[in-house]
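Have a look at the structure below, then the notes.
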Amino acid sequence: MVRLSDEKGLEIIAITEEELKPNEEVCLEGRLGRFEGKLSILDARRVESSRETIEELKKEYDLDPNFEEVSVAGRLVSLRSMGKALFGHLQDATGRLQIYLKLDVLGEERFKEFEEFVDTGDLLGVKGRLFRTSTGELTVEVEDFQLLAKSLHPMPEKWHGIKDVEVRYRQRYLDLIANETARKIFVLRSRAISEIRRFLDSRGFLEVETPTLQPVASGANAKPFITYHNYLEQNLYLRIAPELYLKRLIVGGFNRVYELGKNFRNEGVDTTHNPEFTMVEFYTAYWDYRDLIKFTEELLSHVLLSTVGSLKITYQGRELDFTPPYKVYRYFDLLEEKTGKNKDFFLRDEQGLRQLAVELGIPKAQSLTHAKLIDKVFDRLVEDELWGPCFVIDFPKLLSPLAKTHREDPDLVERFELFVAGKELANAYSELNDPVEQRDRFLQQLREKELGDEEAMQMDEDFITALEYGMPPTAGEGIGIDRLVMVLADVDSIREVILFPALRTSHGA
RNA sequence: GAGCCGGUAGCUCAGUCGGCAGAGCAACGGACUUUUAAUCCGUGGGUCGCGGGUUCGACUCCCGCCCGGCUCACCA
């Protein structure tokens, strides 16, 4: 252990390689320095960006030897020793800045301290004047430095970064240090979320928080996680959707509400599913689903323009054009186009439909409920081809227990789903606000559950009671944030847009 | 849960027919005061995912297990 201290009495303790033997206890506390100065590389770069143009700046630097004094801290990600001078790069999430250490600027003692105690991977603070190297790179000529934290592990390879997805997900910090694309994706995600909030806020929506632990897991078709509350002595469920609570708030007079947060579904994990995922759900009194189509186009336009800066993007090599209006297809028109069979076939000829499902090779077609059969056939024949963006509207009532009956057709509900790149990105409807009909729909769901549909929706009596007090005509929508970010970031796995995706705990190996 | 593919140095990857475990980067020592994937000289570094089996001999072949990826099933 080596101890250094500067004139202010701040203390740095560096540990040499030999001391980092496995199983040896290493005290980190004493090695944390306090660094006075601007802590973001952006702060240093601001010196440059305050000029009008780069050309202007270059000219100024060429003419004026009095460069600006800056203080910067960051992770030392590269180091090139020239004997009596050293070059390196400091990095943080915002970028990189070159540093230059000269023996005759730092003095022999400090220069040797740097050579001896500072390694790539360490967190370092430096002070000095900005200048341009002969190749034109903006660089800090270091007059003083401070070791702020030691990395006890070597950094990933500088050229290839970290490719092993298992390491990238389990130790995301390494991914963020080594891979700029990963940093960009999560900055993009953050911006997209904040722009969604900004848009909804600007339209008069109230952001609310409703229970994540719910006595009844309803509002969607999914298997919940179950937990037990010791004091209440009862099971609670992690929410599969906030929907029924948000509608209670509409009953309460909050006419525009939204909630942005996690839902939890106890189901498979794959490239488009994570057991906890982020949704934004919003509800507006006195709107119907047609209002939401226009609103969705406006919302997405805002998000696209304020994040990626264009309504036209490339996703997995194909163009996606979000310029409104999006195409609108009726649910049964799409099915009829594929099968030649009309709505009555799907809704009234269960045997014929089952036969069709068997012919299509849909698993367990013999035992699926009528509602599931329709859903599966649609998924198989239509969904993957909906590159979009496009709206599919007017779903069968059987599949939509919380949506209002269609004003022109009692077999249907006023509902749409937004499809992008073959994936469902949003789901919306005119909300069912008739408590009597809502009770019937829940009872229908319970019958579906008895017929073997594990994901049929649970009855929520308290919600029906709320409806009995009167909920204004309302439209509501949910948008899957993770999938939206996948599209914006042009990645094909949901794990690329979730900082810490669900992985099995590693043990044994 | 099923099928296919993968796991070798800190990182990225080779490893032929079963015959001494390899490279680049990183690390360590040395040279070098404008380098930037610095360069040059030198050195060290391995539970070949884990456990069995076959064999004179296994990173390599066989069996089981762990972890991951893709496809499928379930789902948004």
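Just so we're on the same page: letters track the sequence lines, and every chain starts at 1.
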Tightest non-hydrogen contact, residues A:Gly121 and A:Met155, listed as CA-CG, 3.5 Å

B:C48 and B:A23: how far apart are their C1' atoms, nearest whole angstrom? 16 Å

Please evaluate residues A:Asp104 and A:Lys84 with respect to the criterion salt bridge (Lys or Arg N to Asp or Glu O under 4.0 Å), reporting the C-alpha separation (whole Å), side-chain torsions for both, the decisive distance (0.1 Å), and the verdict. CA-CA 8 Å; A:Asp104 47 21; A:Lys84 297 194 175 69; over 6 Å; no

Name the nucleic acid region contacted by A:Glu454, choosing base, sugar-phosphate or nothing; use a 4.0 angstrom heavy-atom cut-off, strictly under. nothing

I want to know whether A:Tyr100 and A:Phe131 have ring centres closer than 6.0 Å. yes

C1' gap between B:G29 and B:U34, integer Å: 25 Å

Tell me whether the side-chain N/O atoms of A:Lys376 come closer than 4.0 Å to OP1 or OP2 in B:C74. yes

With both distances under 3.5 Å as the test, what is the Watson-Crick or G-U wobble partner of B:C32? none

Spacing between A:Tyr100 atom OH and B:U35 atom P, to the nearest angstrom: 9 Å

Output the rounded distance in Å from CZ (A:Arg80) to C1' (B:U39). 12 Å

Any strand is fair game: report the nucleotide pairing with B:G1 by Watson-Crick or G-U wobble, both distances under 3.5 Å, or none. B:C72

For the pair made of CZ in A:Arg168 and C1' in B:U12, what is the distance, rounded to whole Å? 14 Å

Proximity to the side chain of A:Lys84 - top-ranked nucleotide from B:U34, B:C32, B:C74: B:C32

Classify the nucleic acid contact of A:Gly480 as base, sugar-phosphate or nothing, counting any heavy atom under 4.0 Å across all strands shown. nothing

Regarding the side chain of A:Asn221, the nearest nucleotide among B:A76, B:G68, B:A73 is B:A76

Donor-acceptor pair under 3.5 Å: do we get one between A:Asp270's side chain and the base of B:C72? no

Partner of A:Phe145 by ring pair (Phe, Tyr, Trp, His ring centres under 6.0 Å), out of A:Phe111, A:Phe114, A:Phe117: A:Phe114

Would you please classify the geometry between the A:Phe378 ring and the A:Tyr331 ring as parallel, tilted or perpendicular, with 30° and 60° separating the classes? parallel

Report the nucleotide, chosen from B:G69, B:U34, B:A26, that has the shortest atom-to-atom distance to any side-chain atom of A:Lys158. B:A26

Of the candidates B:C11, B:A27, B:G69, the side chain of A:Thr120 sits closest to B:A27

Quantified in whole Å, what is the C1' atom distance between nucleotide B:C62 and nucleotide B:G68? 23 Å

Out of B:U12, B:C11, B:G68, minimum distance to the side chain of A:Leu503 belongs to B:G68

A:Glu267 CD - B:A76 P separation (whole Å): 7 Å

Roughly how far apart, to the nearest Å, are B:C5 and B:C74 at atom P? 24 Å

Can you check the A:Ile177 CD1 to B:A26 P distance for me, whole Å? 17 Å

Please pick, from B:A73, B:A76, B:A38, the nucleotide with the shortest atom-to-atom distance to any side-chain atom of A:Lys364. B:A73

Whole angstrom value for the distance that separates P of B:A27 from CG of A:Leu76: 10 Å

So which nucleotide does B:G19 pair with, by the Watson-Crick or G-U wobble rule with both distances under 3.5 Å? B:C56

The side chain of A:Arg483 lies closest to which of these nucleotides: B:G68, B:A76, B:U33? B:A76

Can A:Phe277 be said to stack with the base of B:A76, given centres closer than 5.5 angstrom and planes under 30 degrees apart? yes

Taking pairing as Watson-Crick or G-U wobble with both contacts under 3.5 Å, can you name the mate of B:G24, or confirm there isn't one? B:C11

Test for a donor-acceptor pair under 3.5 Å between the base of B:U33 and the side chain of A:Asp104, counting only N and O atoms. yes

Give the nucleotide from the list B:U12, B:A76, B:G10 with an atom nearest to the side chain of A:His160. B:U12

Taking the nucleotide of RNA chain B with the closest heavy atom to each, which residue, A:Ser78 or A:Met82, is nearer the 5' end? A:Met82

N/O donor-acceptor pair, side chain A:Thr271 with base B:C70, under 3.5 angstrom: no

Applying a 4.0 Å non-hydrogen cut-off, can you work out what A:Gly161 is touching in the nucleic acid: base, sugar-phosphate, or nothing? sugar-phosphate

Touch check for A:Asn179, heavy atoms < 4.0 angstrom, all strands: base, sugar-phosphate only, or nothing? nothing

P atoms of B:U12 and B:C32, separation to the nearest Å: 35 Å

Do the rings of A:Phe391 and A:Phe416 sit parallel, tilted or perpendicular, given the 30° and 60° boundaries? perpendicular

Which value, in whole Å, describes the distance between the P atoms of nucleotides B:G22 and B:U16? 13 Å

OP1, OP2 of B:G68 versus side-chain N and O of A:Arg170: anything below 4.0 Å? yes

Which nucleotide in the set B:A38, B:G68, B:A73 lies at the smallest distance from any side-chain heavy atom of A:Pro363? B:A73

Heavy atoms under 4.0 Å, any strand shown: does A:Lys163 hit a base, just sugar-phosphate, or nothing? sugar-phosphate

Taking CD1 from A:Ile240 and P from B:C74, how many angstroms apart are they, rounded to a whole number? 18 Å

Taking the side chain as C-beta and beyond, is there a heavy-atom pair between A:Tyr326 and A:Val420 under 4.5 Å? no

A:Arg380 has a side chain; which of B:A73, B:C67, B:U33 sits nearest to it? B:A73

Whole-angstrom distance between B:C41 and B:C25, as gauged at atom P: 11 Å

Where does the angle between the aromatic ring planes of A:Phe282 and A:Phe205 fall among parallel (under 30°), tilted (30 to 60°) and perpendicular (over 60°)? perpendicular

By the 4.0 Å heavy-atom rule, please label A:Thr272 as base, sugar-phosphate, or nothing. base

Just to confirm, is there a sub-4.0 Å distance from OP1 or OP2 of B:C66 to any side-chain nitrogen or oxygen of A:Arg504? no

To the nearest angstrom, the CD-P distance between A:Glu383 and B:C72 comes to 13 Å

Donor-acceptor pair under 3.5 Å, A:Glu137 side chain vs B:U34 base: no

Residue pair A:Asp164/A:Pro275 against RNA chain B: nearer the 5' end by closest nucleotide is A:Asp164

Determine the interatomic distance between C1' on B:G51 and the same-named atom on B:C59; round to the nearest Å. 16 Å

Between B:G69 and A:Arg495, is there an OP1 or OP2 to side-chain N/O distance shorter than 4.0 Å? yes

Does the side chain of A:Arg441 come within less than 4.5 Å of A:Met457's, by heavy atoms? no

